[in-house]
Amino acid sequence: MYMDGKGVEQSFSEGIRLFEKAATMGLDRAYLELAYLYQNDANPGIYDRAKAFVWWEKLAQRGHAHGQRMLADSYSHGAGVERSTRNSH
């Protein structure tokens, strides 16, 4: 809602706050949304590969297969973290 302004005034900061709150409650979808949000360079002022990496890592640690794949891709491409072929497998 807040991210795209549907029904409310658009507010990335409020959307991020709510996704972070949901993540602290253990909702994998919130980790996923935060990672994609920071990874997407179409989000000016929010784009931050290092923050995306943090959320991919947290999701991967929860055993989420897509999170593990995206974490490996981050290492492989050096996206938000130093490139490492050792950690990309």
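In this text, all values refer to a predicted model and were calculated from it rather than measured experimentally. Note: hydrogens, waters and symmetry copies are ignored here, and every other heavy atom, side chains too, is used.
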**Q.** Atom of Ala35, atom of Ala52 and distance for their closest heavy-atom approach
**A.** O-CB, 3.5 Å
Q: Locate the shortest heavy-atom distance separating Leu71 from Ala60; write the atom from each residue and the value.
A: CD2-CB, 3.8 Å
Quick one: does [X]'s side chain get under 4.5 Å of [Y]'s, heavy atoms only?
X: Val81; Y: Tyr75; value: yes
X: Tyr38; Y: Trp55; value: yes
X: Ile16; Y: Ile46; value: yes

Once rounded to the nearest 0.5 Å, what's the spacing between atom [atom1] of [X] and atom [atom2] of [Y]?
X: Leu32; Y: Phe19; atom1: CG; atom2: CZ; result: 9.5 Å
X: Glu20; Y: Met25; atom1: CD; atom2: CE; result: 14.0 Å
X: Arg29; Y: Leu59; atom1: CZ; atom2: CG; result: 11.5 Å

Q) Do Leu18 and Leu27 belong together in a cluster built from hydrophobic side chains that touch within less than 4.5 Å? A) no
(Q) With clusters defined by side-chain heavy atoms of hydrophobic residues (ILVMFWY) lying less than 4.5 Å apart, directly or transitively, does Tyr36 cluster with Met3? (A) yes
I'd like to know if the side chain of [X] and the backbone of [Y] have a donor-acceptor N/O pair within less than 3.5 Å.
X: Ser74; Y: Met70; result: yes
X: Gln10; Y: Tyr2; result: no
X: Tyr31; Y: Ala23; result: yes

Q.
I'd like to check the salt bridge (Lys or Arg N to Asp or Glu O under 4.0 Å) partners of Glu14; sequence neighbours left out, ordered by chain and number.
A.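 Glu14 satisfies salt bridge (Lys or Arg N to Asp or Glu O under 4.0 Å) with Arg17 only.
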Q | Side-chain H-bond candidate by donor/acceptor type, Gln39 with Trp56, under 3.5 Å | A |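 Yes, side-chain donor-acceptor contact under 3.5 Å.
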Q: Give every residue pair that meets the salt bridge (charged side-chain N to carboxylate O under 4.0 Å, His left out) criterion with at least one member in residues 49-63, sequence neighbours excluded.
A: Asp28-Arg62
